[in-house]
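Keep in mind that the numbers below use all heavy atoms, side chains included, and drop hydrogens, waters and symmetry copies.
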Amino acid sequence: MDDIYFLDRESDINEYLGKLPHWHQDDKLQFITLHLADSLPASVLNELRDQKDRWLKEHPEPWDDATRREYNVTFLSIFNKYLDKGYGSCILADEKVCKALENVIFRLHKREWNIWAYVIMPNHIHLLLQINGARENQEDEKKRLKKVMSLFKRLSSHEIMRVKFFTPPLWHGEFYDRLIRDERHYYNVVKYIIRNIRMGGRLWGLP
């Protein structure tokens with residue numbers, strides 16, 4: 001695979017800190033996980049928040065690549081383990097809801113992102129994609145990731161409500177994202193998506 005798709009260590013990484021840290025480079029591959037608002041019990045969320053706060057105090061920014069990897073390995077693996085237990089309403093298991101969500105994924109394809117692979121699980125979704133570059137003079141590149149994911153949440157919530165009622169909000173306020181470092185990282189993510197398909201992913205696409 002061409003290295004142009006992967007993290008460019010010679011260029012700036014756009015970072016912003018919400019409740020979670022986020023990193024972004026326009027047109028580079030990213031692996032993003034969004035989960036439903038009710039997909040994790042409050043006790044689990046509080047535990048993860050406390051662990052994250054302690055870790056962030058021990059690892060003040062700026063971070064190098066090794067520290068970013070440590071953060072992702074430490075918290076993303078725990079996070080995904082809890083998601084896979086299938087807690088909450090799991091409305092993404094509904095075929096009509098899945099189709100509505102998939103329609104939004106492809107509505108934004110080419111317009112806001114290039115989708116490479118995805119899998120829809122009962123209470124979360126994994127996306128492997130490139131966020132298209134910020135439009136000149138229209139927006140701050142640092143806010144591009146946040147803006148596109150907010151758009152996706154808003155559109156998907158609207159479309160899903162049309163086929164199945166839910167008590168808002170549909171999505172949790174935060175999401176996890178990882179810049180794809182290299183070809184090895186890319187294939188590990190694809191393998192992970194395939195494992196999720198075998199675990200019961202409802203709709204999916206692969207490169």
Side-chain angles (χ1 to χ4, degrees), residues 1-7 20-37 39-40 48 65 68-88 90-132 145 148-149 151-153 155-156 159-160 170-172 174-207:
M1 279 184 72
D2 199 314
D3 287 344
I4 63 170
Y5 298 117
F6 305 133
L7 169 67
L20 297 173
H22 300 280
W23 302 281
H24 171 66
Q25 285 182 330
D26 277 348
D27 301 312
K28 303 302 182 183
L29 279 168
Q30 290 182 264
F31 183 49
I32 297 175
T33 299
L34 299 96
H35 61 106
L36 297 181
S39 60
L40 294 175
L48 288 173
D65 285 350
R68 291 190 186 94
R69 284 198 296 272
E70 181 183 341
Y71 174 87
N72 284 316
V73 169
T74 300
F75 293 102
L76 194 56
S77 58
I78 299 173
F79 173 72
N80 284 325
K81 180 186 71 174
Y82 280 113
L83 286 182
D84 289 339
K85 291 183 177 181
Y87 186 84
C90 293
I91 67 169
L92 303 185
D94 184 290
E95 185 175 351
K96 290 182 179 179
V97 170
C98 262
K99 195 62 182 175
L101 185 56
E102 187 180 49
N103 287 342
V104 175
I105 290 172
F106 284 103
R107 187 190 306 179
L108 297 179
H109 183 56
K110 300 299 184 183
R111 172 183 155 191
E112 303 291 349
W113 60 37
N114 292 319
I115 191 74
W116 284 54
Y118 63 95
V119 59
I120 302 172
M121 302 299 287
N123 63 1
H124 63 286
I125 179 171
H126 297 296
L127 302 165
L128 178 62
L129 51 74
Q130 296 166 278
I131 301 290
N132 295 337
L145 174 63
V148 172
M149 298 318 298
L151 175 63
F152 173 70
K153 289 180 179 180
L155 291 177
S156 58
E159 290 303 313
I160 288 172
L170 176 64
W171 299 105
H172 190 272
E174 276 288 3
F175 58 90
Y176 279 85
D177 56 275
R178 299 182 70 178
L179 280 163
I180 303 301
R181 299 184 302 274
D182 49 36
E183 188 170 1
R184 179 180 180 183
H185 187 194
Y186 166 80
Y187 283 113
N188 284 338
V189 166
V190 170
K191 289 175 183 176
Y192 181 79
I193 288 174
I194 291 172
R195 284 200 302 272
N196 274 259
I197 292 170
R198 291 170 178 166
M199 289 171 59
R202 295 287 299 172
L203 285 176
W204 59 84
L206 287 172

Notebook entry, point to check: What pairs with Q30 under side-chain hydrogen bond (donor to acceptor under 3.5 Å, both in side chains), at least two apart in sequence or on another chain?
Noted result: H24
Next item on the list: Identify, with sequence neighbours excluded, every residue that meets salt bridge (Lys or Arg N to Asp or Glu O under 4.0 Å) alongside R68.
Entry: E15, D65
Margin query: Tell me every residue that passes side chain to side chain contact (heavy atoms under 4.5 Å, CB included) with R184, counting only those two or more places apart in sequence or in another chain.
Written below: D182, N188
Note to self: Tell me every residue that passes salt bridge (Lys or Arg N to Asp or Glu O under 4.0 Å) with K96, counting only those two or more places apart in sequence or in another chain.
What the structure shows: none
Item checked: Set of side chain to side chain contact (heavy atoms under 4.5 Å, CB included) partners for D3, sequence neighbours left out -> F6
Next item on the list: Look at the side chain of R202 and the backbone N and O of I120, then say whether any donor-acceptor pair between them is shorter than 3.5 Å.
Entry: no
Item checked: Those residues that, when tested against Y192, pass side-chain hydrogen bond (donor to acceptor under 3.5 Å, both in side chains) (two or more places apart) -> N80
Next item on the list: Sequence neighbours left out, what passes ring pair (Phe, Tyr, Trp, His ring centres under 6.0 Å) with Y176? Give chain and number order.
Entry: F79
Next item on the list: Not counting sequence neighbours, which residues clear side chain to side chain contact (heavy atoms under 4.5 Å, CB included) with N103? List them please.
Entry: K99
Please list, one pair per line, the donor and acceptor atoms closer than 3.5 Å that link side chains of residues 121-128 to other protein atoms, with sequence neighbours excluded.
from : atom 1 : to   : atom 2 : distance (Å)
N123 : ND2    : L83  : O      : 3.2
N123 : ND2    : Y87  : O      : 3.1
H124 : NE2    : H126 : NE2    : 3.3
H126 : ND1    : T33  : OG1    : 2.8

Check: Taking only residues two or more places apart in sequence or in another chain, which ones pass side chain to side chain contact (heavy atoms under 4.5 Å, CB included) with L151?
Finding: L108, R111, E112, R154, L155
Next item on the list: Please identify each residue that fulfils side-chain hydrogen bond (donor to acceptor under 3.5 Å, both in side chains) with W171, with sequence neighbours left out.
Entry: S156
Item checked: Residue list, salt bridge (Lys or Arg N to Asp or Glu O under 4.0 Å) with R107, at least two apart or on another chain -> E159
